[in-house]
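Counting convention: from 1, in listed order, for ligands and their atoms alike.
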Amino acid sequence: MEYFVHDTAVIDAGCQIGKGTKIWHFSHIMTDSIIGENCNIGQNVVVSPGVVLGNNVKVQNNVSIYTGVTCHDDVFLGPSCVFTNITNPRSAINRRGQYAKTEVGKGASIGANATIVCGHDIGNFAFVGAGAVVTKHVPAYALVVGNPARQVGWMSEYGHKLLFDKNSESICPESGEKYILTNNTVIKVNV
Ligand SMILES: CC(C)(COP(=O)(O)OP(=O)(O)OC[C@H]1O[C@@H](n2cnc3c(N)ncnc32)[C@H](O)[C@@H]1OP(=O)(O)O)[C@@H](O)C(=O)NCCC(=O)NCCS
């Protein structure tokens, strides 16, 4: 086996799990889910049927990733963050098969205890602050905090706030990479 599964974890039939991935205590990987390479699935995590996780996805403890959620490569899911997949659940009404989709873009981070109300995508490298409640799409590189989550800035791929100068340019203090803000959209410039 090219991946690690702790003795207490449960892996259902029909899952695909990539090389180098680690699945820790009491986690449950459900049928037909796909987990990429070099992922870390922490303690007490549920990956529901049909969920797709890319490569190098890090899932901290106590996260349930419900059917309808897709996380692209390098996504970070903070401890106890919450996904949802039905907007208007009622116990007596069966809405199985009507799950809203949530896509978490490459390199995005979701802070501890944040809640993503379903049907809202998180853009590439976006950053959702701890405890935020996301009720709208989050643009690529955006930093959002609070309940309801509001955009308070932009974050670099290395996770630093981007402060744009009069030319709408910003340099990440860690990577030295340059970003440009145009029409309320951030792009990284390859120099
Ligand atoms: C959002 C975040 C990245 C901002 O970090 P930062 O730039 O260092 O922020 P600061 O501490 O300088 O705070 C700036 C302001 O934002 C507020 N703020 C910071 N984080 C916030 C959050 N999650 N929700 C609401 N407001 C927040 C601060 O209170 C402060 O407000 P003020 O200017 O009115 O005093 C960080 O606070 C955060 O939530 N990180 C996620 C941590 C996490 O969940 N990690 C999981 C792995 S263990």
Do V82 and S64 have side-chain heavy atoms sitting under 4.5 Å apart?
-> no
Using distance alone, with no hydrogens and no angle criterion, decide if H25 and H6 have a side-chain donor and acceptor under 3.5 Å apart.
-> yes
Spacing of CD1 belonging to I171 relative to CZ belonging to F164, to within rounding of 0.5 Å | 10.0 Å
Under the salt bridge (Lys or Arg N to Asp or Glu O under 4.0 Å) test, residues paired with D121 that sit two or more places apart | none
Any protein N or O within less than 3.5 Å of an N or O in ligand 1? List each pair with its distance, or say none.
residue, atom, partner, partner atom, Å
ligand 1, 7 (O), K161, NZ, 2.8
ligand 1, 23 (N), A130, N, 3.3
ligand 1, 23 (N), A130, O, 2.9
ligand 1, 39 (O), A130, N, 2.9
ligand 1, 44 (O), A112, N, 2.6

By salt bridge (Lys or Arg N to Asp or Glu O under 4.0 Å), E169 pairs with (sequence neighbours left out) K178
Could you list the residues that satisfy side chain to side chain contact (heavy atoms under 4.5 Å, CB included) with F26, not counting sequence neighbours?
-> T8, Q43
